[in-house]
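Just so we're on the same page: letters track the sequence lines, and every chain starts at 1.
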Amino acid sequence: MEYDENGVSIVSNDFKKEIFEEAKKDFRYEEYVRGCLNCGVCTGGCPPHRFFDFSPRMVLQNCKSNDPALVWGMMDEYVWACFQCFTCAMICPFLNNPGGVIAILREISVRRGFESAKKVLKPYSRVLLKLTAYGNQLSPDMIQPDFFPDWGPHIGYASEDLPLKRKAIPMPTLQVTNLAWDVAPEAMKELYTIFEEAGVFKIIEVVDPSLYEIIQDIVDDVRSE
Amino acid sequence: MAENILVIGGGPAGLHAAIELAELGVNVSLVERDTFFGGNPKKFKYKYLFPDLQPAENVIGELIKGAESNNNIKKYLSANIESFKEDGKKFSAVIKSSTGSETKTFDSVIVATGFEHFDPAKDSKYSYQLFDDVIDIKDLERMMGEGNFTRPSNGKPPKNVAIILCVGSRDRHVGNQYCSRVCCTVSVKQAIELKEHFPETEVYIFYMDIRTYGFYEDLYWKAMEEHDVQIVKGRVAEITSGPDNTVICKGEDTLLRGPFEIPFDMVVLASGMEGGPQSPEMADKLGIELDEHGFLKQANVTLSPFKSNKDGIFLAGACTGPKAIADAIVEGGAAAMDAYIYAKKNS
């Protein structure tokens, strides 16, 4: 993939148009993109705007411009800067929903397996594995210093002696560290059906083929039990 | 025999309509819910009126004097219409006031029940009523009318003041999609008054659009050129407490500076106009229509703006939508003419 001076991947104009049309075809698009007079209240209230070059007002304006190139310009890094807190949607006087537009664009990026989506989702592969394979989002053994720098200097202590600490919790904890709670095999099988029907497995296959293989092995095991 | 016409509402529009009709020899019954005439300008002690900054008292005082001194106008204060029904081409109304109930027959009716100021507490992002130094235009107007320009929290002159436009207007979240028409002009006027009182105070106006229509454009030129008022494009997203007893306005300067968080000593919210609870009440009582914005509906916005959908009932002033005092007075006169013609034809 080649990139221009703004870090935006270079694709044909037809492809940009195709992506924009795909976004506009989404059933939510019409509801999320209404009128906009550049009042800036969305960006003024936007938490990531304080840290990144990200502005919900620009998201809306780019969409309103009807220029596929401007929309494509957001597909690489830009859409991933949004926190998805929907403060913008809460305060926009027109009832626009820039955060919702971001969700639509992200879904396109994931569905089509764009490089940026793969890159952004990589750190979540452990969570994806845990969730899709065991129905748990986070288990104690996932608390490791490398993965939770945002927990601060005490992450080291928090990640040590987990079985012992687990015993000290005054509620049923299964006495294991690889699961947060027990999910019955029947529930897991139902979960797999839901993931299959909803296209979740398909998305994982697109963005992370090796993770998909690991998950499928577990799925096959549980199903054959 | 003289015609009988009922005027409901004793603000600028109702007072002017009553006076004009009385001058024509009509027996006018002027019904006002408050204990005084003059409407919102009197109630909230408006100080100066745009565009020429003449004292509000001169205008409203003149109207009140005109109505009070005219014997053709029967005045009812602290009064309301208890019941109302059509009686052929005429109308029968029970007027309840402090002196008791009175049943009267009228040839026509003028509704001039006005508007209510939007309550900024309904839009939580502005923290109105949370911080003493966040006030709205009617609060500031009253304060200035009392000769007080200082911060509500400590009585000291403000070092800087933010004026935020379109509060409660043009906002689908609060349910008011319309422009309230006068707040821009009132706000710019107030900015000039603040600067005249405290030349050292920095005054910012945060706008989405500035709609000082017609000749009122001169006002913001004056504000910028003579008083160095900072006019910034960007709607404020949030007001929080700041250091040293300040309030922080957070938003985006969409043209120049990008995101900003500025501590202010005082924030003035340009709250808009609403039809108030009296509009549906009138619609219900008189059997006339309400529009989608919560004001009383005109029969034809262009051709017959002073007629309601019911023959013989006419509308004047801000009860049909936000407007300036000058426009309300004009409409009082126009509705008086319509009501007089109807009464003349049918009496």
Side-chain angles (χ1 to χ4, degrees), chain A residues 6 28-65 67 70-71 73-74 77-102, chain B residues 118 120 122-127 162-180 183-184 204-211 231-240 247-262 264 267 269-272 293:
Chain A
N6 296 318
R28 294 161 293 183
Y29 188 88
E30 204 180 322
E31 201 180 309
Y32 291 172
V33 180
R34 300 171 184 233
C36 175
L37 281 172
N38 275 310
C39 76
V41 75
C42 53
T43 300
C46 173
H49 184 59
R50 293 167 62 108
F51 307 104
F52 307 112
D53 172 26
F54 176 78
S55 160
R57 178 173 65 81
M58 291 311 295
V59 172
L60 230 290
Q61 284 293 316
N62 287 341
C63 289
K64 294 301 289 180
S65 74
D67 183 346
L70 291 182
V71 175
M74 303 192 288
E77 298 279 327
Y78 204 83
V79 293
W80 301 104
C82 170
F83 290 1
Q84 292 283 283
C85 68
F86 296 98
T87 305
C88 51
M90 224 172 64
I91 53 181
C92 170
F94 278 91
L95 299 187
N96 287 309
N97 187 346
V101 174
I102 290 294
Chain B
F118 173 77
K122 285 187 202 163
D123 193 342
S124 60
K125 66 175 176 282
Y126 296 118
S127 303
I163 295 175
I164 300 171
L165 302 185
C166 292
V167 173
S169 301
R170 308 172 71 198
D171 192 330
R172 283 174 172 154
H173 275 291
V174 299
N176 297 338
Q177 296 198 27
Y178 52 86
C179 163
S180 289
C183 347
C184 281
Y204 282 71
I205 295 176
F206 295 102
Y207 72 98
M208 174 157 124
D209 298 287
I210 291 208
R211 295 180 166 178
I231 299 187
V232 178
K233 172 137 179 152
R235 216 164 162 160
V236 167
E238 199 181 346
I239 295 177
T240 53
V247 277
I248 291 177
C249 287
K250 189 176 158 194
E252 186 199 9
D253 176 345
T254 58
L255 297 181
L256 193 62
R257 276 161 283 205
F260 65 78
E261 280 174 39
I262 309 172
F264 284 99
V267 175
L269 308 171
S271 45
H293 300 296

Visitor: Less than 6.0 Å separating the ring centroids of B:Phe264 and B:Tyr204?
Guide: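 Under 6.0 Å, so yes.
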
Visitor: Please look at A:Cys42 and chain B and tell me whether the side chain, the backbone, both or neither of the residue comes under 4.5 angstrom of a heavy atom of that chain.
Guide: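 Contact with chain B involves no heavy atom of A:Cys42 at all.
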
Visitor: Do B:Lys122 and B:Asp171 meet the salt-bridge criterion of a basic N to acidic O distance under 4.0 Å?
Guide: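 No, B:Asp171 and B:Lys122 are not salt-bridged.
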
Visitor: Is there side-chain contact between B:Ile239 and B:Val267, with heavy atoms separated by less than 4.5 Å?
Guide: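 When only atoms from C-beta onward are counted, B:Val267 and B:Ile239 do touch, with a gap below 4.5 Å.
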
Visitor: When heavy-atom pairs shorter than 4.5 Å are enumerated against chain B, which of A:Cys39, A:Gly45, A:Gly40 gives the highest number?
Guide: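 That would be A:Cys39.
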
Visitor: Heavy-atom distance under 4.5 Å between the side chains of B:Glu252 and A:Asn38, does that happen here?
Guide: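 A side-chain contact is absent here, since even the closest heavy-atom pair is not under 4.5 Å.
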
Visitor: Counting heavy-atom pairs under 4.5 Å with chain B, which one of A:His49, A:Arg50, A:Arg57 comes out on top?
Guide: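 Of the options given, most contacts go to A:Arg57.
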
Visitor: For residues B:His173 and A:Ile91, determine if any side-chain heavy atom of one lies less than 4.5 Å from a side-chain heavy atom of the other.
Guide: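 They are not in side-chain contact.
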
Visitor: Between chain A and each of B:Glu261, B:Gln177, B:Glu238, B:Lys125, count heavy-atom pairs under 4.5 Å; write down the option with the most.
Guide: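 Ranked by heavy-atom pairs under 4.5 Å with chain A, first place is B:Glu261.
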
Visitor: Non-hydrogen atoms of chain A under 4.5 Å away: do they reach the side chain of B:Asp209, the backbone, both or neither?
Guide: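 Answer is side chain: those atoms of B:Asp209 sit under 4.5 Å from chain A.
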
